[in-house]
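Data first, discussion second: the structure below is written as structure tokens.
Note that the coordinates shown come from a computational prediction; the quantities given were computed from them, not determined experimentally.
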Amino acid sequence: MDASFLPALYDALVVAQTSSVAEAAKRLHKTPSAISQQLRRLEDHFGFSLFEKAGRGIRPSPAGEAALGAMTRVFDEASSLFTLFDKLGGARVPTLRVAAADYLGEAVLLPVIREFSRERIPLHFEITTTHSVAAGRLVTEGLADVGIVTSDRELGTGETVLFRQPFFWVAPRPRRTPARTRSVVARLGREPLLRLSPGSRGRRLLDEYLGRTGIRPVTTIDLPSVSLLLSYASQGLGIGLAPGLALERFDRLVRKRVIIERADVPEVEVRLFVRPSLRRDPSVQRFLDRLTAVARRAGTAPFGA
């Protein structure tokens, strides 16, 4: 085995996970040209391409799809090997890689990390902020150990339901017309519509609602996170569909600027998704137990009930 190809293979794996050289470069703290050079190196050596163009992005080629599973397993095993080396060398601080949407991380992850820090429990965290679909994919592919995700599909291996979450319309409060005379739904076709990233659960619920009702927004604004969506709405620009737990972040002053209205869309489950092969050291298991307790309590809050 020529070990000099391992960095190039890891670059290729991250490109496959992000479907973008630019996004992979950002995650790996490299330049896009450096990533492209590594991909060309693999192609020149092995005589085939791992990727092909797909619209403005890229996707794994048939050969790339065939190799992706093996590549994932190689680096998952490498991660386990380094954990073993740490233990053999006397290291006592395990690393836990967590992926979650920004609002879920703030609501249920942050309190637990604060508690661990205060009590000096030995655990190192690596946090990836992304939407739930991507977070679940990172766990499945072995690039994250734990995901806090929303889902409405059948419960999978390693998944635990924490609570069910409703969604709400969030819109700027009209300045002239009394709020009670103008529902948010009635304004959807006349004001900018705030949308989350394609692939997220919130975006899918929004698209399904628009398709079911036939409402056509006058203009749309795509945003990468729930936090930005709430920020835009609270500052008077756009109507968005937001998960109930995220609305707990609004303080009293901000709530006076917006209208919050229950949306006629299905509730989704918030789940804890744990990589089945995760080694559950005492500190890791304590973290999982505490996270579950905090999340279930958060789900009973007024907007999350």
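Ring geometry for Phe287 versus Phe125: interplanar angle of 30 to 60°, hence tilted.
Between the side chains of Arg173 and Ser234, no donor-acceptor pair of N or O atoms lies under 3.5 Å. The closest side-chain donor-acceptor pair between Ser33 and Thr31 falls under 3.5 angstrom. With 3.5 Å as the limit, one finds a donor-acceptor pair spanning the side chains of Ser227 and Asp102.
Glu23 has no carboxylate O lying under 4.0 Å from a charged side-chain N of Arg27, or vice versa, which leaves the two without a salt bridge. Ion pairing between a basic and an acidic side chain is recognised when a charged N comes within 4.0 Å of a carboxylate O; Arg275 and Glu141 show no such pairing. Arg153 and Glu159 are joined by a salt bridge, as a carboxylate oxygen and a charged side-chain nitrogen come within less than 4.0 angstrom of each other. Salt bridge Arg97/Glu126: absent, no basic N to carboxylate O contact under 4.0 Å.
Val139 and Met71 are members of different hydrophobic clusters when ILVMFWY side chains are connected at heavy-atom separations under 4.5 Å. In the hydrophobic clustering of ILVMFWY residues, with side-chain heavy atoms under 4.5 Å counting as a link, Val133 and Ile148 come out apart. The hydrophobic clustering, which links ILVMFWY residues whose side-chain heavy atoms are closer than 4.5 Å, places Phe48 and Val21 together. Leu96 and Leu104 fall within the same hydrophobic cluster, where Ile, Leu, Val, Met, Phe, Trp and Tyr residues are linked whenever their side-chain heavy atoms come under 4.5 Å apart, directly or through other members. In the hydrophobic cluster analysis, where Ile, Leu, Val, Met, Phe, Trp and Tyr join through side-chain heavy atoms closer than 4.5 angstrom, Phe273 is grouped apart from Val268.
Residue Leu188 comes nearest to Leu193 through the heavy atom pair CD2-CD1, 4.0 Å, listed as atom of the first residue, atom of the second, then distance. Contact record, Leu206 with Trp169: CD1-CH2, 3.8 Å, taken as the closest heavy-atom pair. When all heavy atoms of Pro172 and Gly238 are compared, the pair lying nearest together is CD-O, 3.2 Å. Nearest heavy atoms, Val218 versus Pro192: CG1-N, 4.2 Å. Here the closest heavy-atom approach between residue Val226 and residue Ala246 is recorded as CG1-CB, 3.5 Å. Between Thr130 and Ala135, the closest heavy-atom pair is CG2-N, 3.6 Å.
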Start with the C-alpha gap between Glu208 and Arg204, add the side-chain angles, then the distance that decides, and say whether salt bridge (charged side-chain N to carboxylate O under 4.0 Å, His left out) holds. CA-CA 6 Å; Glu208 289 176 351; Arg204 196 196 70 184; 3.4 Å; yes
Using the rule given for side chain to side chain contact (heavy atoms under 4.5 Å, CB included), can you reason through Val270 versus Leu245, listing the C-alpha separation, both sets of side-chain angles and the distance that settles it, and then say yes or no? CA-CA 10 Å; Val270 176; Leu245 188 58; 5.9 Å; no
Let's go through Arg41 and Ser4 carefully: what are the C-alpha distance in whole Å and the side-chain angles of both, what is the deciding distance for side-chain hydrogen bond (donor to acceptor under 3.5 Å, both in side chains) to 0.1 Å, and is it a yes or a no? CA-CA 11 Å; Arg41 182 175 176 230; Ser4 68; 3.0 Å; yes
From CA spacing to verdict: side-chain hydrogen bond (donor to acceptor under 3.5 Å, both in side chains), Asp281, Gln285: CA-CA 6 Å; Asp281 294 318; Gln285 186 58 55; over 6 Å; no
Applying side chain to side chain contact (heavy atoms under 4.5 Å, CB included) to Glu52 and Ile58, what does each step give before you reach the verdict? CA-CA 6 Å; Glu52 60 187 18; Ile58 60 174; over 6 Å; no
Between Arg286 and Arg280, does the side chain to side chain contact (heavy atoms under 4.5 Å, CB included) criterion hold? Intermediate values first, please. CA-CA 9 Å; Arg286 180 172 179 177; Arg280 301 197 181 199; over 6 Å; no
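At least one side-chain heavy atom of Val170 sits less than 4.5 Å from a side-chain heavy atom of Leu247. Using a 4.5 Å heavy-atom cutoff, the side chains of Arg201 and Val149 are not in contact. Between Asp145 and Val274, the closest side-chain pair of non-hydrogen atoms is not below 4.5 Å. In this structure, the side chains of Pro266 and Leu205 come closer than 4.5 Å at one or more pairs of heavy atoms. The closest side-chain heavy-atom distance from Ile215 to Tyr209 is below 4.5 Å. You'll find the side chain of Phe51 stays beyond 4.5 Å of the side chain of Arg59, heavy atoms only. In this structure the side chain of Arg40 never reaches within 4.5 angstrom of the side chain of Ser49, judged on heavy atoms. In this structure, the side chains of Arg164 and Glu269 come closer than 4.5 Å at one or more pairs of heavy atoms.
Environment of OH in Tyr232: sparse, with no more than 12 heavy atoms of neighbouring residues, nucleotides or ligands closer than 6.0 Å. Other residues, nucleotides and ligands place no more than 12 heavy atoms under 6.0 Å from the NZ atom of Lys26. The environment of Arg216 atom CZ is sparse: at most 12 non-hydrogen atoms of other residues, nucleotides or ligands sit within 6.0 angstrom. For Gln37, the CD atom sits in a loose shell: 12 or fewer heavy atoms of surrounding residues, nucleotides or ligands are nearer than 6.0 Å.
Atom CG of residue Leu143 and atom OG1 of residue Thr72 lie 7.0 Å apart, to the nearest 0.5 angstrom. Residue Arg271 holds its CZ atom at 12.5 Å from CZ of Phe163, rounded to the nearest 0.5 Å. Atom CD of residue Glu115 and atom CD1 of residue Ile121 lie 6.0 Å apart, to the nearest 0.5 angstrom. In this structure, NE2 in His124 is found 14.5 Å from CZ in Phe116, a value given to the nearest 0.5 Å. Distance check: Thr129 OG1 to Ile127 CD1 gives 7.5 Å after rounding to the nearest 0.5 Å. Between the OG1 atom in Thr95 and the CG atom in Leu123 there is a gap of 7.5 Å [rounded to 0.5 Å].
No donor-acceptor pair closer than 3.5 Å links the side chain of Thr128 to the backbone N or O of Ala99. A side-chain donor-acceptor contact under 3.5 Å links Thr18 to the backbone of Val14. The backbone N or O of Leu50 sits less than 3.5 Å from a side-chain atom of Ser61, completing a donor-acceptor pair. With hydrogens and angles disregarded, a donor-acceptor distance shorter than 3.5 Å links the side chain of Arg296 to the backbone of Val161. A donor-acceptor pair under 3.5 Å is formed between the side chain of Arg203 and the backbone N or O of Leu196.
Annotation: cation-pi geometry satisfied between Arg262 and Phe168 (NZ/CZ under 6.0 angstrom from ring centroid, within 45° of ring axis).
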